[in-house]
Amino acid sequence: MKTVIVGGVAGGASAAARLRRLSEDMEIILFERGEFISFANCGLPYYIGGDITDSEDLTLQTPDSMKARFNIDVRVLQEVIRIDTAAKLVEVRRLGNGETYQESYDKLILSPGARPSVPPIAGVDAPNVFTLRTIPDTLKIKAYIEENNCKTAVIIGGGFIGLEMAENLKRAGLCVTVIEALPQIATVLDEDLACDLTHYLRSKELSIYTSTSVSDLSELDGDIIILSVGVKPESDLAAAAGLTLSDRGAIIVDSHMRTSDEHIYAVGDAILIRNFVSGAEGYIPLAGPANKQGRIAADNVAGIPSRYKGTQGTSILKLFDLTAAATGLNERALTGSGISYDKIFIWSSSNAVYYPGAGNMSIKVLFELTGGKILGAQIVGFKGVDKRIDVLAAAIRAGMTAMDLTELELAYAPPFSSAKDPVNMAGYMIENLLTDKIKQHHWHDVKNLTDRKDITLLDVRTDAEYANGHIENTVCIPLDALRERIQELDLLKPVYVNCQSGLRSYIACRILKQKGFDCSNLAGGYRLYASMKKNAEFVNELTHPCGLKAEK
């Protein structure tokens, strides 16, 4: 049996290695039109920033190493330009001399990846405009910066790759501006968690413009410009072969990774996926899923009926000392899916507060209103983010509910966590909501509350905290004095309570509820509300440079 694989990196290289582990006798040929068959896409920004100093460290496998270890015939700088599905042949062009030849296959695995999206605006062909997808892209960017003594950089696009580039260009000594057309950066997060990133990056002296479009790149004040506005599936070869594609050009596969042709499989950034949480079709180009898909395609080629059960979009980002991570569905996706949900916010320490080095994390967990099933989670913080997002990702994959989170027995010692881990606390908070021990309202509800005369807005922080900033028309009664001063509140009026993070106000609500008050807690507290308000005020005051247009 002979299997031909088109494209390397995560999906193709994983499929090739898995096939050899399953069959020592199979003939395996891997074509790669580039020079590198397996390299660390996600590590490319860190070479530009200097964390990775040797470009060879970005290469995970070479043709020689694949031949020596797996006996795989790897042919680089050779591009598959046509598939003859009837004859089960591929036509290959040697990029060195342009010669073409044909190669037969019994099974074909497509792993062509994705290409950077390039917006149709003026100036995209200028010599100082780059995209970042491959090792050659990285080397060109680094060389251009050094040869032209670049001092300023503009990143078009505020997704994870664009933000990683922003950090690393800043670390390389450049003055960096990030321009995002949408109202927020890092759109895998919701606006409320993304605000933490925005404030932090501005504190690092990066200029961040959101809701901003660019009409002409040549008018931007940047020695180098990086386009990072997403990727598109590299599916032209599949389309020409008559394989079924989605409306956006992704290759449609079944759970076995099989395309509309029974002898052809496809994996990685070129394919349409099914979202694990919602069941909806989508496009989520990530290395982890691509590796798993390559393995599953190889299993099926070798006669093992493996299935891919969907992508939930777990991702993580480092920005200087800050970490942001997400898994499952965010609010936009949940709204689009028609799933009834609610959300909780936690402002929690990464480890025991009395142990040196503890840092706070902003945690958001989204859950199904019926039964409390966990649907998504987002975390931004300085320590312990990766640990918690992985636990929550596993919880989503296992179909866990809030009650299940309360019962998780997680590793505890003061340097690593608290006896009640933040993941446990998320479960407790959701359980309290579902069992009617507490009601809550959110930061976006506050604007409709501040002028109402039929309610009481109560702040239970200290007088000093209140003096440093508070929600309009709130009454301040510190939590520790609430029982003694409860007569100051009108029992006939619903009470909307806030503190700094939501913990003290929860305790206040429990006191008030048992005294007969109708009480609601501000989820995420004043800290979250003030963060959102600060960002809105900052955006309204921005002065946009030449070539930018604010979309208000």
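In this chain, numbering begins with 1 at the start of the sequence shown.
There is a side-chain donor-acceptor pair under 3.5 Å between Asp190 and Gln378. At a cut-off of 3.5 Å, with distance as the only test, a side-chain donor of Thr435 or Lys437 sits close to an acceptor on the other residue. Counted by atom type alone, His442 and Asp342 present one or more donor-acceptor pairs between their side chains at under 3.5 Å. Using modelled atom types and a 3.5 Å distance limit, the side chains of Asn360 and Arg527 yield no donor-acceptor pair. No hydrogens or angles considered: nothing links the side chains of Thr406 and Asn424 as a donor-acceptor pair under 3.5 Å. Of the N and O atoms on the side chains of Tyr496 and Asp445, not one donor lies less than 3.5 Å from an acceptor on the other residue. Side-chain N/O atoms of Arg397 and Thr327 include no donor and acceptor closer than 3.5 Å.
For Lys170, the NZ atom is densely surrounded, since the number of other residues' heavy atoms within 6.0 Å is greater than 12. Within 6.0 Å of CD on Glu409 lie no more than 12 heavy atoms contributed by other residues, nucleotides or ligands. Atom CE of Met532 is surrounded by more than 12 heavy atoms from other residues, nucleotides or ligands within 6.0 Å. For Glu205, the CD atom sits in a loose shell: 12 or fewer heavy atoms of surrounding residues, nucleotides or ligands are nearer than 6.0 Å. For Lys383, the NZ atom counts as densely surrounded, since its 6.0 Å shell holds more than 12 non-hydrogen atoms of other residues, nucleotides or ligands. At most 12 heavy atoms of other shown residues, nucleotides or ligands fall within 6.0 angstrom of atom CZ in Arg248. Counting non-hydrogen atoms of other residues, nucleotides and ligands closer than 6.0 Å to CG of Asp454 gives a total above 12. By the neighbour-count criterion of 12 heavy atoms within 6.0 Å, atom NZ of Lys232 is sparsely surrounded, having that number or fewer from other residues, nucleotides or ligands.
Checked by atom type and distance alone, the side chain of Glu180 never pairs as donor or acceptor with a backbone atom of Gly157 at under 3.5 Å. Checked by atom type and distance alone, the side chain of Arg388 pairs as donor or acceptor with a backbone atom of Ser350 at under 3.5 Å. Judged by distance alone, with hydrogens and angles left aside, the side-chain atoms of Asp223 form a donor-acceptor pair with the main-chain N or O of Thr152 at under 3.5 Å. Remark: the backbone N or O of Thr462 is paired with a side-chain donor or acceptor of Glu465 at under 3.5 angstrom. For Ser362 (side chain) and Trp347 (main-chain N/O), no donor-acceptor pair under 3.5 Å exists by modelled atom type. A donor-acceptor pair under 3.5 Å is absent between the side-chain atoms of Ser418 and the main chain of Pro414, judged by distance alone. When atom types are taken as modelled, the side chain of Lys447 and the backbone of His444 share a donor-acceptor pair closer than 3.5 angstrom. A donor-acceptor contact shorter than 3.5 Å is absent between the side chain of Gln312 and the backbone of Phe276. The main-chain N or O of Asp192 is never found under 3.5 Å from a side-chain atom of Asp196 such that the two would form a donor-acceptor pair. At distances below 3.5 Å, not a single donor-acceptor pair connects side-chain atoms of Asn521 with backbone N or O atoms of Ala523.
Taking the six-membered ring for Trp and thresholds of 30 and 60 degrees, Tyr466 and His470 have nearly parallel ring planes, at less than 30 degrees apart.
Checked for salt-bridge contact, Lys533 and Glu472 miss the test: no charged N lies under 4.0 Å from a carboxylate O. For Glu167 and Lys318, the salt-bridge test passes: some basic side-chain N is under 4.0 Å from an acidic carboxylate O.
The minimum heavy-atom distance linking Gly268 with Ala290 is given by the pair CA-CB, 3.7 Å. Nearest heavy-atom pair, Ala377 versus Ile389, reported as atom, atom and distance to 0.1 Å: O-CD1, 3.8 Å. Here the shortest heavy-atom pairing between Asp386 and Ile316 reads CB-CD1, 3.7 Å. Closest heavy-atom contact between Gly381 and Leu322: O-CD1, 3.5 Å.
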Test log, rule salt bridge (charged side-chain N to carboxylate O under 4.0 Å, His left out), inputs Arg133 and Asp269: CA-CA 12 Å; Arg133 186 70 181 170; Asp269 293 356; 2.5 Å; yes
Working for side-chain contact (heavy atoms from CB on, under 4.5 Å), residues Phe382 and Met361: CA-CA 7 Å; Phe382 293 95; Met361 297 177 291; over 6 Å; no
Test Asp451 against Asn473 for side-chain contact (heavy atoms from CB on, under 4.5 Å), laying out the working first. CA-CA 8 Å; Asp451 291 331; Asn473 294 330; 3.9 Å; yes
side-chain contact (heavy atoms from CB on, under 4.5 Å) for Glu368 and Ser340? Distances and angles first, verdict last. CA-CA 6 Å; Glu368 197 170 39; Ser340 296; over 6 Å; no
Between Asp254 and Arg307, does a salt bridge (charged side-chain N to carboxylate O under 4.0 Å, His left out) hold up when you go through it step by step? CA-CA 9 Å; Asp254 63 15; Arg307 291 181 177 272; over 6 Å; no
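A side chain to side chain contact (heavy atoms under 4.5 Å, CB included) with Val365 is found for one member of Val423, Ile346, Ile430, Ile379 and no other, namely Ile430. Residue Phe160 forms a side chain to side chain contact (heavy atoms under 4.5 Å, CB included) with just one option from Ile185, Leu319, Val188, and that option is Val188. The side chain to side chain contact (heavy atoms under 4.5 Å, CB included) with Leu522 is formed by just one residue from the set Val497, Leu528, Ile471; it is Ile471. When the options Leu492, Leu491, Ile511 are evaluated for a side chain to side chain contact (heavy atoms under 4.5 Å, CB included) with Phe517, the one that passes is Leu491.
Judged as a salt bridge (charged side-chain N to carboxylate O under 4.0 Å, His left out), and not counting sequence neighbours, Lys513 has no contacts.
A distance of 7.5 Å separates CG of Asn351 from OG of Ser417, quoted to the nearest 0.5 Å. Taken from CD1 in Ile344 to CD in Glu431, the straight-line distance is 12.5 Å, to the nearest 0.5 Å. A distance of 12.5 Å separates CG in Leu329 from CD1 in Ile374, rounded to the nearest 0.5 Å. Taken to the nearest 0.5 Å, the OH atom of Tyr506 stands 11.0 Å off from the OH atom of Tyr428. We find the NZ-OG distance between Lys309 and Ser255 to be 10.0 Å, quoted to the nearest 0.5 Å. Distance OG/Ser228 to CD1/Ile179: 12.5 Å, rounded to 0.5 Å.
For the pair Thr311/Arg274, no side-chain contact is recorded, criterion being any heavy-atom separation below 4.5 Å from C-beta on. Inter-residue side-chain proximity for Leu369 and Tyr341 is flagged as unmet; no heavy-atom pair is nearer than 4.5 Å. At least one side-chain heavy atom of Ile224 sits under 4.5 Å from a side-chain heavy atom of Leu174.
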Run the side-chain donor-acceptor check on residues 477-486: report pairs under 3.5 Å with partners two or more places apart or on a different chain.
unit_1 : atom_1 : unit_2 : atom_2 : d
Arg485 : NE     : Glu488 : OE2    : 2.8
Arg485 : NH2    : Glu488 : OE1    : 3.2

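By the 6.0 Å and 45° rule, Lys364 does not stack over the aromatic ring of Phe345. A cation-pi arrangement is found for Arg461 relative to Tyr526, the charged atom lying closer than 6.0 Å to the ring centre and inside a 45° cone about the ring normal.
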